[in-house]
Amino acid sequence: QVQLVESGGGLVQAGGSLRLSCTASARTFSRYAMGWFRQAPGKERDFVAAIRVNIGRSYYGDAVKGRFTISRDNAKNTVYLQMNSLKPEDTAVYYCAAGDAVRIATMIREYDYWGQGTQVTVSS
């Protein structure tokens, strides 16, 4: 069982930045692909970004490309989501996810473990 704990959410003005962190309990953190998803009120959970075991491979949703950056520090069992140029439409609960055998990194069903989420609110 892997426990994921997100942090770093909060209230920010449009154009500002936040960095989300997700720390995993797994001793073998480096074997997991890690993803970030978000869910706005009344909407489905959407893919934001993912990073594979091979640190060189990362993926982004169209809405965040060029503004968000995912990274991981395997020594700290932590994955990060740097969010720049935030927009009001980025407002959502952001969830961290871990998957042991992720084939399609953008798909929710590929991930085995989920955090509780952290709220990000962007004011206009």
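The backbone N or O of Cys96 sits less than 3.5 Å from a side-chain atom of Glu6, completing a donor-acceptor pair. Side-chain atoms of Arg31 do not come within 3.5 Å of backbone N or O of Arg27 as any donor-acceptor pair. The backbone N or O of Val102 lies less than 3.5 Å from a partner atom in the side chain of Arg52, making a donor-acceptor pair. When atom types are taken as modelled, the side chain of Glu110 and the backbone of Arg103 share a donor-acceptor pair closer than 3.5 angstrom. The backbone N or O of Asp100 lies less than 3.5 Å from a partner atom in the side chain of Asp112, making a donor-acceptor pair. The closest donor-acceptor contact from the side chain of Thr91 to the backbone of Val122 lies under 3.5 Å. A donor-acceptor contact shorter than 3.5 Å is absent between the side chain of Tyr32 and the backbone of Ala24. Asp73 places no side-chain N or O within 3.5 Å of a backbone atom of Val79 that could act as its donor or acceptor partner.
Put simply, Ile108 and Leu4 are part of two different groups of oily side chains (I, L, V, M, F, W, Y) that touch within less than 4.5 Å, one to the next. Hydrophobic clustering, with ILVMFWY side chains joined whenever heavy atoms are under 4.5 angstrom apart, keeps Val93 apart from Val64. No continuous path of hydrophobic side-chain contacts links Tyr59 to Met34 [ILVMFWY only; heavy atoms under 4.5 Å].
The number of heavy-atom neighbours closer than 6.0 Å to CD of Gln39, taken from other residues, nucleotides and ligands shown, is above 12.
Atoms CG and CD, on Asp46 and Glu44 in that order, are 7.0 Å from each other to the nearest 0.5 Å. For the atom pair OH (Tyr80) and CZ (Arg72), the distance works out to 11.5 Å, reported to the nearest 0.5 Å. Taken from CG in Leu86 to OG in Ser17, the straight-line distance is 6.0 Å, to the nearest 0.5 Å. Summarising the geometry, atom CD1 belonging to Ile51 is positioned 11.0 Å from atom CZ belonging to Arg57; distances are rounded to the nearest 0.5 Å. With rounding to the nearest 0.5 Å, the separation of SG in Cys22 from OH in Tyr94 is 15.0 Å. Once rounded to the nearest 0.5 Å, the distance linking OG of Ser124 with CD of Glu89 reads 10.0 Å.
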Worked verdict on Trp114 versus Gln3 for side chain to side chain contact (heavy atoms under 4.5 Å, CB included): CA-CA 8 Å; Trp114 292 83; Gln3 293 185 333; over 6 Å; no
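Proximity of Phe68 to Asn84: side-chain heavy atoms (C-beta onward) are nowhere separated by under 4.5 Å. Side-chain contact between Tyr60 and Thr69: present, with at least one pair of heavy atoms (C-beta onward) separated by less than 4.5 Å. Using a 4.5 Å heavy-atom threshold, the side chains of Phe29 and Lys76 count as separate.
Under a 4.0 Å N-O distance rule, the pair Lys87/Asp90 does not qualify as a salt bridge.
Here the closest heavy-atom approach between residue Leu20 and residue Met83 is recorded as CG-CE, 3.7 Å. Across every non-hydrogen atom of Gly35 and Tyr111, the tightest pair is N-CE2, 3.7 Å. Trp36 and Ile70 make their closest contact through CD1-CD1, 3.6 Å (heavy atoms, listed as atom of the first residue, atom of the second, distance). The minimum heavy-atom distance linking Leu11 with Ser123 is given by the pair CD1-CB, 4.3 Å.
Put simply, the residue from Thr78, Thr118, Leu81 that forms a side chain to side chain contact (heavy atoms under 4.5 Å, CB included) with Ser21 is Thr78.
A cation-pi arrangement is not found for Arg38 relative to Tyr95, the charged atom failing to lie both closer than 6.0 Å to the ring centre and inside a 45° cone about the ring normal.
For Phe47 and Phe37, the gap between ring centers is short of 6.0 Å.
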